[in-house]
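Below is one structure, written out as structure tokens; the observations come after it.
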Amino acid sequence: MSRQEAAEQYEKALKRGRKTYREAVLRGHYPYPQVLDEILSENMAAGQVELGIHEIPANQIIGTKTHGRQNSFAADFMPLLEADSEFAAKWMDLCRYHLGDEGIRDPVRCYEYLGRFYVQEGNKRVSVLKSFDAPTVPAYVIRVIPEWSMDPEIQAYYEFMRAYELTGLYRICFSRPGRFGKLQAALGYELDHVWTDEERRAFTAGFTGFQQAFEKLGGEELDLTPADALLVWLKVYPFSDLRKSSNAELLKTLRSVWADVKAVNEEIAVSTEPEEFPSSEPNLLSRLFKTKLPTHLNIAFFSDHLPEESDWARAHDLGRQYMEAVLSDAVTVQAVHGVQTEEEAVAAMEEAVEQGAQVIFATTPPLIGACRKIAAQHPGLRVLNCSVSMPYTGVRTYYSRIYEAKFITGAIAGALCRDGVLGYVASNPIFGVPAGINAFALGAQLTCPDARIKLRWSCVEEDAMEKLAQEGVTLISNRDLPTPDRICEPWGLCQVHGGSVRSLAAPYWHWGNFYVKLVRSIFSGGWEALSAKQDKAVNYWWGVASRTVDILPGEDLPAGVWQLAEILRHGVAVGSIFPFLRPLRDQSGRTVSDGSRWLTPEEILHMDWLCDCVEGEIPTYEQLLPMARPLARLQGVYRDAIPPEKEGPIL
């Protein structure tokens, strides 16, 4: 390389550096490389480990160890000093050496802290290599280990250190703990699998292009890493696509899930009541959102079981029929039942879209994968999955606040209780179920202050109700009523007398009311209004006020007790009674609330504790019956702690 060519390269780098500097200043960001000594105090480090020489990612070199010549560089290590300076002359000499026969081989010396690198010796070498967009830089690395804390960033870094021992790659780092195991599973590996050189090369080959697409879409401005984004992408596309896709194709597929990528660390927006607008507003909303609101909708329903085989599928199918009857000529509806595999579901949904479907309802959590894929392929399609706490903006989720009805049946049970002992059979340790248990317990203590709740789980023992009856418990909260025509079976609050069981009152799900209100909100602009208010994943979580859940009395329920239940139901519906607005203590004696504040929807939905009057515990994953484990993986209150299963192609 001639001196003139080196000078030209310096001018290009100088131009890049000054641009980076200006943009940083305009955005209020620090315009120079970060200084580790200014970031790190002695009490923040647990120690240092010398790792030796490694090829480190150039884009993770963000600063210098000490202040030194720091002001000679912009934040991206591009030079800032004039071309006639001594600094520039040395930079150009290194540039010529880099493109000579041997190149720059001497490793720089740097410190690594939380996955980012700070150069101690070799700033200009880093600058030259970065100016040629070198993906890696040879470096002698000293790792600074931070003190352990409950900070998610620190927890994620400790997980990274363990992962690095398995992968040998600095590029695989996550912003939140628990994600490396999911990556191992997505690639078809066991959690403790040690990568071979071939597997490392294969991953790097695919990941390099993905990272470029991530940065092109503005990923560097987000509070997450390329590996975070990859994990989102792998839920829709196979890893093999990374290596066989062109840059344009890869950019297109990443853009199709980009909203989900941006929301991966965000809280899920919870819609607790239907979005309703006066009939005079749709035209205004249509102009506001620059889209014509529909006057007719083609809607497709999907279930993984046949209605005659599953009470859950039957309940949703009755809801579909109710919605069709109420909305009549405004909707065209098709229903597909028994799609067991994700491939079947995707194919069926594609066929529905080809036939004009504008809205898709998938009525069970296991169909979430198919929903995500169809939403990525059809950005304008409205896709909903009956589940909770799924962080995907392309698929909205819906469920009901069944705990409100449980609170009322708890009050009924307390009013009828003679010995202060009540039974409760819970279904699965998933989001919302602990809230139902606690609400029932608080309702019981409303009418029987000394009430104790004996808790059993049908996902652990199939004869849970029988076991409680054998222990002498005569009032037991059993399974929720899926539809209001099944009261003759032992649903809801049951009274055990001798060998007979009577249903006294049963919470039930009225999916028809939900579907009618949701579709009407689409007609009136509620869907777009919710999108405009927040760029997050959305969870519809409606309760007694929307009549999505309700209570059906049994024939043997005393009239006075039902009158009490009606008063409580009205209070919950209008917002004058809140089940959790009272002092709350968990089983360990910890004060959860002193009674002076409302629990947020997120706190209620994600409860993983039980009230101090409940005898029993939330079962572990290992305690669950095999049939209950898949749902716990999807919706379990401890799902992030469950070791992931291998699910994807092996590299």
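Along the sequence shown, residues carry numbers from 1.
- Results of the ring-ring contact (aromatic ring centres under 6.0 Å, His included) test with Y398 over Y540, W542, W511 single out W511 as the only residue that passes.
- Between S387 and L634 there is no side-chain heavy-atom pair separated by less than 4.5 Å.
- More than 12 heavy-atom neighbours from other residues, nucleotides or ligands sit within 6.0 angstrom of CD on E308.
- Panel note: side chain R401, backbone T272; a donor-acceptor pair is recorded below 3.5 Å.
- Closest of all the heavy-atom pairs between A573 and V544 is CB-CG1, 4.0 Å.
- Of the residues listed (D612, D594, T591), the one engaging R585 in a side-chain hydrogen bond (donor to acceptor under 3.5 Å, both in side chains) is D612, and it is the only one.
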Could you please spell out the steps behind the side chain to side chain contact (heavy atoms under 4.5 Å, CB included) verdict for T447 and L564?
CA-CA 10 Å; T447 51; L564 170 64; 3.8 Å; yes
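- The side-chain contact (heavy atoms from CB on, under 4.5 Å) search around E309 returns L306, not counting sequence neighbours.
- Between K467 and E471 there is no salt bridge, since no side-chain nitrogen of the basic residue lies less than 4.0 Å from a carboxylate oxygen of the acidic one.
- Of the possible polar contacts, none joining the T332 side chain to the I299 backbone as a donor-acceptor pair under 3.5 Å is found.
- Considering only heavy atoms from C-beta on, R396 stays 4.5 Å or farther from M390 through its side chain.
- The 12-atom threshold is not exceeded at CD of E462, counting heavy atoms of other residues, nucleotides or ligands nearer than 6.0 Å.
- With sequence neighbours excluded, the residues satisfying salt bridge (charged side-chain N to carboxylate O under 4.0 Å, His left out) with E603 are R597.
- With W509 contributing its side chain and V549 its backbone, the two residues share no donor-acceptor pair below 3.5 Å.
- Annotation: cation-pi geometry not satisfied between R320 and Y515 (NZ/CZ under 6.0 angstrom from ring centroid, within 45° of ring axis).
- Within the 3.5 Å criterion, the main-chain N or O of A325 finds no donor-acceptor partner in the side chain of S328.
- A ring-ring contact (aromatic ring centres under 6.0 Å, His included) check over residues 564-590, counting only residues at least two apart or in different chains, returns the pairs Y403-F580, F578-W598.
- Applying the ring-ring contact (aromatic ring centres under 6.0 Å, His included) test to pairs two or more places apart or on separate chains, none has a residue in residues 446-476.
- Taking OG1 of T474 as the reference point, atom CG of L468 lies at 11.0 Å (rounded to 0.5 Å).
- At a threshold of 4.0 Å, the pair K517-E273 does not count as salt-bridged, since none of the basic side-chain nitrogens sits closer than that to a carboxylate oxygen.
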Between S389 and H606, does a side chain to side chain donor-acceptor pair (under 3.5 Å) hold up when you go through it step by step?
CA-CA 9 Å; S389 199; H606 292 94; 2.8 Å; yes
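- A 4.5 Å side-chain heavy-atom check between R456 and E461 finds at least one atom pair inside the cut-off.
- Applying the side chain to side chain donor-acceptor pair (under 3.5 Å) definition to pairs two or more places apart or across chains, those involving residues 362-372 are D260-R372, D304-T364.
- The heavy-atom pair separating N265 from R176 by the smallest distance is OD1-CG, 3.5 Å.
- When only modelled atom types and interatomic distance are considered, Q358 and H296 share no side-chain donor-acceptor pair under 3.5 Å.
- In this structure, CG on N539 lies 10.5 Å from CG on L384, to the nearest 0.5 angstrom.
- Within the structure, the side chain to side chain donor-acceptor pair (under 3.5 Å) test picks out the following pairs touching residues 407-434 (sequence neighbours left out): K406-Y424.
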